[in-house]
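Order of listing sets the numbers, starting from 1, for every ligand and every atom in it. Along the sequence shown, the residues carry numbers beginning at 1. Only a predicted model underlies this, so the values are computations on that prediction, with no experimental measurement involved.
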Amino acid sequence: MSSPVTAAPAALKQFQIPFFRPTIGEEEIQSVVETLRSGWLTTGPKVRKLEQQFAEYVGAEFAIAVNSCTAALHLALEAIGVGPGDEVLVPTLTFASTGETVMHLGATPVLVDCCADTLCIDSDQIESRITERTRAILPVHYAGHPCDMDQIQEIARRRGLHVIEDAAHAIPAEYDGRRVGAISELTCFSFYANKTITTGEGGMVTTNDRQLADRVRLMSMHGISKDAWKRFSAEGSWYYEILAPGYKYNLTDLAAAIGLHQLEKSGQFHQRRAEIARAYDAAFADLPELKLPTTRPEVGHAWHLYVIQVDVDRLTLNRNEFIQAINAAGVGTSVHYLPLHMHPLYRERLGYAPEQLPVAQSVFDRIISLPIYPTMTAEEIDYVAATIRQIVESHRR
Ligand SMILES: *Cc1c(COP(=O)(O)O)cnc(C)c1O
């Protein structure tokens with residue numbers, strides 16, 4: 001990998017060590033320039049190549065490139081036939097997309113609490129949330145730690161439900177030796193700017209089911225049938241047929257040009273992320289005031305995020321004050337997430353109260369996401385670790 005372009009424009013230099021920097025090399029830049037010169041800007045040969053390579057990478061039969069993970073989720077839910085009156089089980093500790101795409105189809109997201117350690121959906125609580133309207137379970141591999149897929153699959157099989165994975169954090173992640181992307185009926189990935197590999201904006205759906213793959217592809221492009229195109233006319237002719245009211249969710253070749261290089265480097269990116277996680281683990285191991293990320297033995301963690309939980313009962317500052325102290329030292333942070341059930345949309349439209357999902361509610365007061373990305377230098381990792389240690393040590397109760 002050539003040296004990444006790390007110089008940030010002034011506007012991004014808010015922190016000495018930002019929460020995130022994308023790792024974009026000269027290869028990506030050259031490839032975008034070549035694509036621009038080629039004259040083929042939107043969906044074309046580079047998208048097809050990215051789909052093939054991504055399918056191979058996760059070990060799935062089919063991969064359909066789209067312009068975001070949000071689009072991927074929408075299409076996956078549509079493909080299994082989710083519609084008005086249906087319910088889909090969604091973890092409350094997730095990004096907006098996971099719930100909103102269910103609502104886009106007229107269905108209702110039913111929120112499930114998280115495990116206190118992995119912060120993934122608590123699979124022991126899934127069954128109690130199933131009703132006769134439930135159609136699917138939509139687990140999110142939080143931070144890149146795969147959910148308990150054996151238990152989720154077992155419940156789904158027994159109760160006749162579909163499983164769609166939100167794998168926005170999970171390139172590459174493994175469960176029981178299998179790559180995420182080859183486990184469930186449908187898996188949705190994100191290539192958003194701050195994800196583990198990026199195309200600026202972009203996403204992918206993977207599946208082993210040809211019918212689902214065909215439906216996702218059809219609906220990603222206006223419901224226009226390519227088969228009809230081939231059946232009735234020579235390749236490249238003007239003829240096409242609209243079979244369904246589809247969406248405009250296709251990925252561009254400009255984006256795929258970036259993605260092909262990012263996918264190639266994803267092993268190196270992942271190795272570096274794992275090293276940073278181990279460095280933080282070691283640096284914080286003797287601080288009982290911090291709860292560190294757990295890794296269950298059956299999983300390979302993607303380390304998209306490194307989320308600490310600060311024990312506010314043992315410290316003289318709360319989570320927000322802790323964040324202010326980190327930021328004051330020049331280090332960027334984030335919080336993943338304000339649980340969905342605590343947002344106005346879910347409180348007002350669906351009647352949730354904060355205490356209804358108590359683990360997520362209490363975890364929310366403790367979580368802080370620290371910088372973790374391949375271009376962090378050893379000095380930067382040490383500085384972040386020293387900053388956190390210093391804040392803990394000077395605010396013990
Ligand atoms: C980023 C993210 C998404 C949405 O990804 P986009 O590609 O930005 O649409 C969905 N789910 C989770 C958990 C995410 O973190």
*Looking only at atom types and distance, does a side-chain atom of H270 sit under 3.5 Å from a main-chain N or O of S266, one as donor and one as acceptor?*
no
*Distance flag, aromatic centroids of F19 and Y373, threshold under 6.0 Å*: no
When you measure from [atom] to every protein heavy atom, which one gives the shortest distance, and what is it?
atom: atom 9 (O) of ligand 1; result: T70 OG1, 2.5 Å
atom: atom 1 (C) of ligand 1; result: K195 NZ, 1.6 Å
atom: atom 11 (N) of ligand 1; result: D166 OD2, 2.8 Å

*Go through E28 and Q262 one step at a time and tell me if the side-chain hydrogen bond (donor to acceptor under 3.5 Å, both in side chains) criterion holds.*
CA-CA 8 Å; E28 282 88 338; Q262 292 273 302; 2.8 Å; yes
_A168, portion touching ligand 1 at heavy-atom distance under 4.0 Å_ = side chain
*Might you confirm whether atom CD of E56 has over 12 heavy atoms from other residues, nucleotides or ligands at distances under 6.0 Å?*
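Incorrect, the count does not exceed 12.
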*Would you name the heavy atoms of N318 and V312 that are closest together and state the gap between them?*
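Heavy atoms of N318 and V312 come nearest at CA-CG1, 4.0 Å.
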_Only heavy atoms of H169, strictly under 4.0 Å: list the atoms of ligand 1 that pass._
13 (C), 14 (C), 15 (O)
*Pull out every atom of ligand 1 sitting under 4.0 Å from any heavy atom of S97, numbered as shown with elements.*
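Checking each atom against S97, I get 3 (C), 4 (C), 10 (C).
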_Students often mix this up, so state it plainly: with edges at 30° and 60°, are the rings of W303 and H301 parallel, tilted or perpendicular?_
parallel
*Is ligand 1 less than 4.0 angstrom away from at least one heavy atom of A96?*
no
*Out of curiosity, is Y337 lining ligand 1, as in a heavy atom under 4.0 Å away?*
yes
*asked:* So for ligand 1, is T94 a polar contact partner (N or O within less than 3.5 Å, distance only)?
replied: no
_Please determine whether side-chain contact (heavy atoms from CB on, under 4.5 Å) holds for the pair E165 and V180, giving the CA-CA distance in whole Å, both sets of side-chain angles, and the decisive distance to 0.1 Å._
CA-CA 9 Å; E165 294 173 46; V180 166; 3.6 Å; yes
